[in-house]
Amino acid sequence: MTSQICIIISIVIYLCGMIYIGVRFSKKNTQSDEFYLGGRKLGPLVTAMSAEASDMSSYLLMGLPGLAYISGIADVGWTAIGLALGTYFNWLLVSKRIRRYSSKLKAITIPEFFAKRYGDDKHVLTCIAAVVIVIFFVPYTASGFAACGKLFSTLFGMNYMVAMLLSAAVIVLYCTLGGFLAVSTTDLIQSITMTIALVIVVIFGAVATGGFDTVIANAQGLPGYLSMVQTYVADSASSKPYTPLMMISMLAWGLGYFGMPHILLRFMAIEDENKLKLSRRIAAVWVVISMAIAVFIGIIGLSMSKAGVIPALEGNNSETVIIQIASALSTHGVIPALIAGVILAGILAATMSTADSQLLAAASSISQNLVQDFGKKKLDTKASLRIARITVIVISLIAVFIAQNPDSSIFTIVSFAWAGFGAAFGPVVLLALFWKRSNKQGALAGMIAGGVMVFVWKYGIARLGGVFAIYELLPAFIVALAVNVIVSLVTCAPADELVKTFDEVNAKN
């Protein structure tokens, strides 16, 4: 009972801090561009850590360790490599260009950037892009709510739905109050909390199992567990080959970064584009280290199960490995219990930092892009902010409905939403920034083709098995890119004014 009280104290302090930030920044949101983009005032550290915290959702502390625990390092290792490469090249290639381009066009959302970049006066691109954001952010947000539900139900025996609703309420509260600045500031704090949680878990886990040598020895005793060319099959305690096609499929996770609205918004919001180089270095180093530790936590968790420190975990329950480790730590006294609370706050941080960013992007898509741009309804600042806040609440309710199954896999939900954004937006973003011949017809066709192909491949073609059983992002991205290029070439070239703006933006590079 004492350990649970200490854990609750740590978590409550953390949650109150997040709400306080929301209240504090609520007074600064006097205009919609401040609510959605923070008035482009982010510093390099906040930009870097906010982008990566909003990227590293609950799959960092639950999905990745859980996958490593159950199947070894091949699946999760190739995924992590793809994500690390994607992170670096997104910062290197996209960040400065989209910051400069969006600023020149005075675009404060991704759909608005598409419309102004391609001269879409009818805002058809805006409408389709906003719909894509809502479609794929709802399940993405649901994965975060599911993580919170699993956390509290596993730890305290709470009802899953009650735990999820309470967590969602806190996220919605500080997001609707504080807007982008609150979300970005809390993301910075959350990234620090996540880092502390990762380090503590590794140290405690290694000590509890007899040291790192024991951890590695236990993993080596399982066939294919520590191999990057084989994967461990828990059901039969055997291994199977990890083929080059599977490696490429997992590396394709990196393509998703080019289309993530909540990450692209961080690039657009930095106060000075020349500071993006520093942000890139900070982000790349943090991502590599955090993912490596997350994978190692899965390995440590397996060793702790063998030692009887935590229970053996099967199936999707493997995603609770870090919760089980924190629970074990909390039994060693008041101080360890408080530290365990920090670890669990780190899980909440990983979840909240992504969910809040997604909710804000979805809110801007509906309030700014659908209602005002596409619907041609001019709203004053108060009305616009009111609709944005209502949107956050409505999307949260839908996400709660989707996440009501406690057996849902966080990793699976995230992977699908990630593929959707990567395929629908990734090629459009890259061609918009790097190819002046790209036009609105190509962008629209590519966006629709990418989004549709994600569904077609995952729920149709992939079920044929064999070479078709690959991550849906890879084929969908290729199809979307090809469609965008082909349609752009067979339709009219962009207007001279659009080409001139493109040349002006890129002349500074």
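Please read all numbers here as calculations on a predicted model, not as lab measurements. Side-chain atoms are counted along with the backbone in the values below, which use heavy atoms only and exclude waters and symmetry mates.
When every heavy atom of Gly66 is checked against every heavy atom of Val321, the shortest pair comes out as N-CG1, 4.2 Å. Ile470 approaches Pro475 most closely through the heavy-atom pair CD1-CD, 3.9 Å. Pairing each heavy atom of Phe258 with each of Asn90, the nearest pair is CD2-OD1, 3.4 Å. Looking at every heavy atom in both residues, Ser438 comes nearest to Asn484 through OG-OD1, 3.7 Å. Heavy atoms only, all atoms of each residue included: Ile300 and Gly205 are closest at CG2-CA, 3.5 Å. Contact detail for Met453 and Ala476: the closest heavy-atom pair is CG-CA, 3.5 Å.
The aromatic rings of Phe455 and Phe136 lie tilted to each other, with the angle between the two planes from 30° to 60°. Using the six-membered ring where Trp is involved, Tyr257 and Trp418 have ring planes that are perpendicular, over 60° apart on the 30 and 60° scheme.
A distance-only check finds a donor-acceptor pair linking the side chain of Ser305 to the backbone of Gly301 [under 3.5 Å]. In this structure, Thr320 contributes its side chain and Ile323 its backbone to no donor-acceptor pair below 3.5 Å. The closest donor-acceptor contact from the side chain of Lys116 to the backbone of Leu105 lies under 3.5 Å. The main-chain N or O of Met268 is never found under 3.5 Å from a side-chain atom of Ser102 such that the two would form a donor-acceptor pair. Side-chain atoms of Trp78 come within 3.5 Å of backbone atoms of Met228 as a donor-acceptor pair (strictly under, hydrogens ignored). Of the possible donor and acceptor atoms, none in the side chain of Arg280 sits under 3.5 Å from a partner among the backbone N and O of Leu92. Formation of a donor-acceptor pair under 3.5 Å by the Tyr225 side chain with backbone atoms of Ala68 is found in this model.
In this model, no donor atom of one side chain and acceptor atom of the other lie less than 3.5 Å apart for Tyr232 and Ser238. For the 3.5 Å distance criterion, the side chains of Ser488 and Asn439 qualify, holding a donor opposite an acceptor. Between Asp75 and Tyr242, the side chains place a donor N or O and an acceptor N or O closer than 3.5 Å (distance only, hydrogens not considered).
In this structure, the ring of Trp91 has its center less than 6.0 angstrom from the ring center of Phe267. Taking the centre of each ring, Tyr101 and Phe113 come in below the 6.0 Å mark. A centroid separation of less than 6.0 Å is found between the aromatic rings of Phe425 and Phe114.
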- Item | side chain to side chain contact (heavy atoms under 4.5 Å, CB included) between Phe416 and Glu472, worked out | CA-CA 8 Å; Phe416 179 71; Glu472 58 270 18; 3.7 Å; yes
- Evaluate the side chain to side chain contact (heavy atoms under 4.5 Å, CB included) criterion for residues Val215 and Met304: first the C-alpha distance (whole Å), next the side-chain angles of each, then the deciding distance (0.1 Å), finally the verdict. CA-CA 8 Å; Val215 171; Met304 293 179 73; over 6 Å; no
- Working for ring-ring contact (aromatic ring centres under 6.0 Å, His included), residues Tyr471 and Trp457: CA-CA 9 Å; Tyr471 184 29; Trp457 196 276; over 10 Å; no
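Side-chain contact check for Leu498 versus Lys436: every heavy-atom pair is 4.5 Å or farther apart. The shortest distance between side-chain heavy atoms of Met246 and Leu251 does not fall below 4.5 Å. With contacts defined as side-chain heavy-atom distances shorter than 4.5 Å, the pair Ile216/Gln220 qualifies. Side-chain contact between Glu319 and Leu67: absent, with no pair of heavy atoms (C-beta onward) separated by less than 4.5 Å. Under the 4.5 Å side-chain criterion, counting only non-hydrogen atoms from C-beta, Arg117 is in contact with Phe502. The closest side-chain heavy-atom distance from Phe212 to Val202 is below 4.5 Å. Between Leu473 and Val454, the closest side-chain pair of non-hydrogen atoms is not below 4.5 Å. Using a 4.5 Å heavy-atom cutoff, the side chains of Ile322 and Pro65 are not in contact.
Taking a 6.0 Å sphere around CZ of Phe434, one finds it holds more than 12 heavy atoms contributed by other residues, nucleotides or ligands. Shown here is Phe89, whose CZ atom has no more than 12 heavy atoms of other residues, nucleotides or ligands within 6.0 Å.
Once rounded to the nearest 0.5 Å, the distance linking NZ of Lys96 with CZ of Arg99 reads 11.5 Å. Within the model, atoms CD1 of Ile325 and CD1 of Ile200 stand 12.5 Å from one another, a figure rounded to the nearest 0.5 Å. To the nearest 0.5 angstrom, Leu444 atom CG is 10.0 Å from Cys127 atom SG. With values rounded to the nearest 0.5 angstrom, Ser71 atom OG is found 11.0 Å from Leu302 atom CG. Taken from CD1 in Ile461 to CG in Leu464, the straight-line distance is 7.5 Å, to the nearest 0.5 Å. For the atom pair CG (Leu481) and CG (Leu255), the distance works out to 9.5 Å, reported to the nearest 0.5 Å.
Considering Val288, Val287, Ile263 as possible partners of Thr87, the one that fulfils the side-chain contact (heavy atoms from CB on, under 4.5 Å) test is Val287.
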